[in-house]
Structures are given as C-alpha cells and as structure tokens.
Amino acid sequence: MSFLVLLLVLWIEKFSGWRRRIQQDGLWLNLLGRVEDGSATAPWSRLLVLVLLPVALLGVLLWLLEPIAHGWLALPVHLVVLIYSLGRGDLLAALGPFRDAWRRGDSQGAYHVAERDLGLVADEGGQLLHRVQGYLLWQGFQGFFAVIFWYALLGPLAALAYRLLALTCEHARQPALRERAVQVRHGLDWLPARVLALSFALVGNFSAVIRTVLHELLNWDIPAARLVTQAGQAADDLPEPQPGEVGVASLDQLWQLQIRAAVLWYAGLAVWILLL
C-alpha cells in the first residue's frame, strides 16, 4: 500500500490542487501559540506536545482503521498525511521572479526578489546564484526527499513528525524551543541527506560527487543543507556563476538532477517491494 500511496502523491501533485487545500497549518499553529504562551515548561516538554501529540493521535486513528477492510480504509489517511507532510509552497513559482531578473542581467532586481521571496542575501552576483542553487536543492530535499524517505522506511507517523519538526523550526518564537527542534531535525536529516547525496552521484557525475562529499559522509556535524548542496552542485558539473541565460540554465540542470534522483528512488522502492 505504501508504494501505491507514493504513486498517488505524484499524480495528485501534478494534476490537482489538493496539496494547497490539504496543507492547512492553522490548527497546529494555534497549538504552537498556546504551548508557547502557556506555563513555563521545559522546551523538550513543549516539543513533545507539538510533535508527539499529533503523531500519537494519528497512530490511534490508523490502529482503529487497520482491522477494517484489510486495512484499505487507512489508505486515504496515508495519502492525506503524506501530502500534508510535503514542503510548503510552489518551489518553481517562488524561483520565477529571480529567474526572470537573472535572465535579464538585472542584478539589483535579482538581489531584491531573492531577499523578498527566498530570504537570501549575498555580497555579489556569483555568490547569490550559488545560494539560490543551494536553496533549490535544500527545498527539494526537505520538501520531498526527506519526507518520502521516512514515509517509505517508517510510515506516515515518521513523515508527519518530520514536517511538524520543520514547522517548529520555522515558526517557533522561543529560541530554546526552536533550538531543540533543530537538534532533532538534524538527526532526522542525517541519513536521508547521505542517501540523496549518493543518489546524485549515481544519476550525475559520480566521481565528482564522491570526491566532494566522501570525507563528509560520516560527519555528524555538517548541516544537511550544506551536504546536499555540495553533492548536487558537484553532480551536475555546473559552470562558474554567470548572469543571463547560462545562470538560469544551471537552475534547470539542478531541477532535472532532482527529478532523476526521484525516479531512482521510486525505482529502488519498487524493486525493494518486489523482493520483500
């Protein structure tokens, strides 16, 4: 059933607008506000309420549905949870204004839209394009690959826990709570980031990726965003950052790299399921 859910997610993502309707965070954000404004409990206790409470409720629901109709009633729940757990927003749409400005050679416009839409700043144009490339790779990882990895490995509870941690990192006002969420998320990012880096090697320039990230594969301290960015940029043999169409083409190359990696993951999951 898990592989069927993964296939349905791709179909829904491509042909429907369900993702925007399902990804409504208002109820959870209200819980976050109450937890942060409530009694002065320890940050770990607050994080448990924000993440484990919704996950536990989902677990109870799936447990109740499991005996009915051989578990098939749980399929729509899996589907809704997985769609909810994917990244927020439309990545290509968010990059659109930057791509247009960079294609025109409008440096000032590119700086402005990168800061406004992507939250990125840089001292010079080459560094800015480099950071936008990293943004594209990181958003693809945290919005899709990490969620798919944990869903395939441990099911919808793990996928939901990952997204709630990501939302806590993004929206928590209290530094202590945000710090705890970042620590746990770093642990959840560690393994899928390395699997994705090796996937980039298999669908891109293998020797360049291995040369770039081999010494970092077992490094616990390196952020997942940096590892994924280094692997993705090495896999595609990107030229030096340049204004105009060449720079925009590098973003297209990285997008296609992620699509090839996603195809590899799905093929690997299909083979895994057939051999089980």
Side-chain angles (χ1 to χ4, degrees), residues 1-28 54-55 58 62 72-99 117-118 132-167 169-170 185 188-189 192-193 195-196 199-200 202-204 224-225 228 232 236 251-273:
M1 184 173 70
S2 295
F3 190 67
L4 176 59
V5 171
L6 290 171
L7 292 176
L8 288 173
V9 163
L10 290 183
W11 185 87
I12 290 171
E13 179 75 5
K14 186 172 180 62
F15 297 108
S16 81
W18 287 11
R19 179 174 174 180
R20 289 188 296 274
R21 292 195 290 270
I22 290 173
Q23 291 183 337
Q24 302 295 324
D25 300 320
L27 187 62
W28 184 87
V55 169
L58 174 62
L62 292 173
W72 283 102
L73 282 181
L75 187 146
V77 178
H78 279 239
L79 187 58
V80 169
V81 170
L82 185 55
I83 293 173
Y84 177 81
S85 301
L86 296 175
R88 300 300 186 256
D90 186 330
L91 178 56
L92 292 182
L95 289 172
F98 174 83
R99 288 166 56 92
D117 299 340
L118 311 178
V132 173
Q133 292 169 352
Y135 177 88
L136 173 60
L137 290 164
W138 168 245
Q139 293 302 321
F141 169 77
Q142 70 88 23
F144 179 78
F145 288 102
V147 175
I148 295 300
F149 178 90
W150 287 117
Y151 176 79
L153 191 65
L154 297 177
L157 301 184
L160 178 61
Y162 182 87
R163 182 50 51 203
L164 295 180
L165 279 169
L167 290 173
C169 294
E170 181 179 354
R185 187 183 180 185
L188 289 180
D189 282 336
V195 174
L196 182 59
S199 301
F200 285 160
L202 293 174
V203 300
V228 169
D236 246 356
L251 299 177
D252 295 333
Q253 287 178 246
L254 292 176
W255 181 255
Q256 292 301 319
L257 174 72
Q258 293 182 89
I259 291 176
R260 295 197 301 273
V263 171
L264 177 64
W265 279 35
Y266 269 74
L269 287 171
V271 171
W272 180 25
I273 291 170

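Sequential numbering from 1 along the given sequence is applied to the chain's residues. Keep in mind it's a predicted model, so treat the numbers as computed, not measured.
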A side-chain contact here means heavy atoms from C-beta on lying under 4.5 Å apart; do [X] and [Y] qualify?
X      : Y      : answer
Leu95  : Leu118 : yes
Val81  : Tyr151 : no
Val263 : Val203 : no
Ile259 : Trp255 : yes
Leu82  : His78  : no
Arg88  : Glu170 : no
Gln142 : Tyr162 : yes
Arg99  : Val132 : no

**Request:** Walk me through it: do Gln258 and Leu136 pass the test side-chain contact (heavy atoms from CB on, under 4.5 Å)?
**Result:** CA-CA 10 Å; Gln258 293 182 89; Leu136 173 60; 3.7 Å; yes
**Item:** Pair Trp138 and Tyr135, ring centroids less than 6.0 Å apart
**Value:**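 No, they do not, as the ring centres are separated by 6.0 Å or more.
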Measuring from atom [atom1] of [X] to atom [atom2] of [Y], what distance do you get when rounded to the nearest 0.5 angstrom?
X      : Y      : atom1 : atom2 : answer
Leu8   : Trp18  : CG    : CH2   : 9.0 Å
Leu165 : Leu160 : CG    : CG    : 9.5 Å
Leu196 : Leu137 : CG    : CG    : 8.0 Å
Leu157 : Leu58  : CG    : CG    : 5.0 Å
Tyr266 : Leu6   : OH    : CG    : 4.5 Å
Leu75  : Leu4   : CG    : CG    : 5.5 Å

**Check ion pair Arg19-Asp90 (N to O, under 4.0 angstrom)** = no
Kindly give the heavy-atom pair with the smallest separation between [X] and [Y], and that separation in Å.
X      : Y      : result
Ala146 : Pro192 : CA-CB, 4.3 Å
Gly232 : Leu257 : O-CD2, 3.6 Å
Trp265 : Ser199 : NE1-OG, 2.7 Å
Pro97  : Asp117 : CG-OD2, 3.5 Å
Gly140 : Leu91  : N-CD2, 4.3 Å
Arg163 : Ser85  : NE-O, 2.7 Å

**Prompt:** Which word best sums up how the rings of Phe200 and Phe145 line up, parallel for under 30°, tilted for 30 to 60°, or perpendicular for over 60°?
**Reply:** perpendicular
Looking at [Y], is its backbone amide N or carbonyl O close enough to the side chain of [X] to form a donor-acceptor pair, meaning the two atoms are under 3.5 Å apart?
X     : Y     : answer
Glu13 : Ile83 : no
Gln23 : Leu86 : yes
Trp28 : Pro54 : no

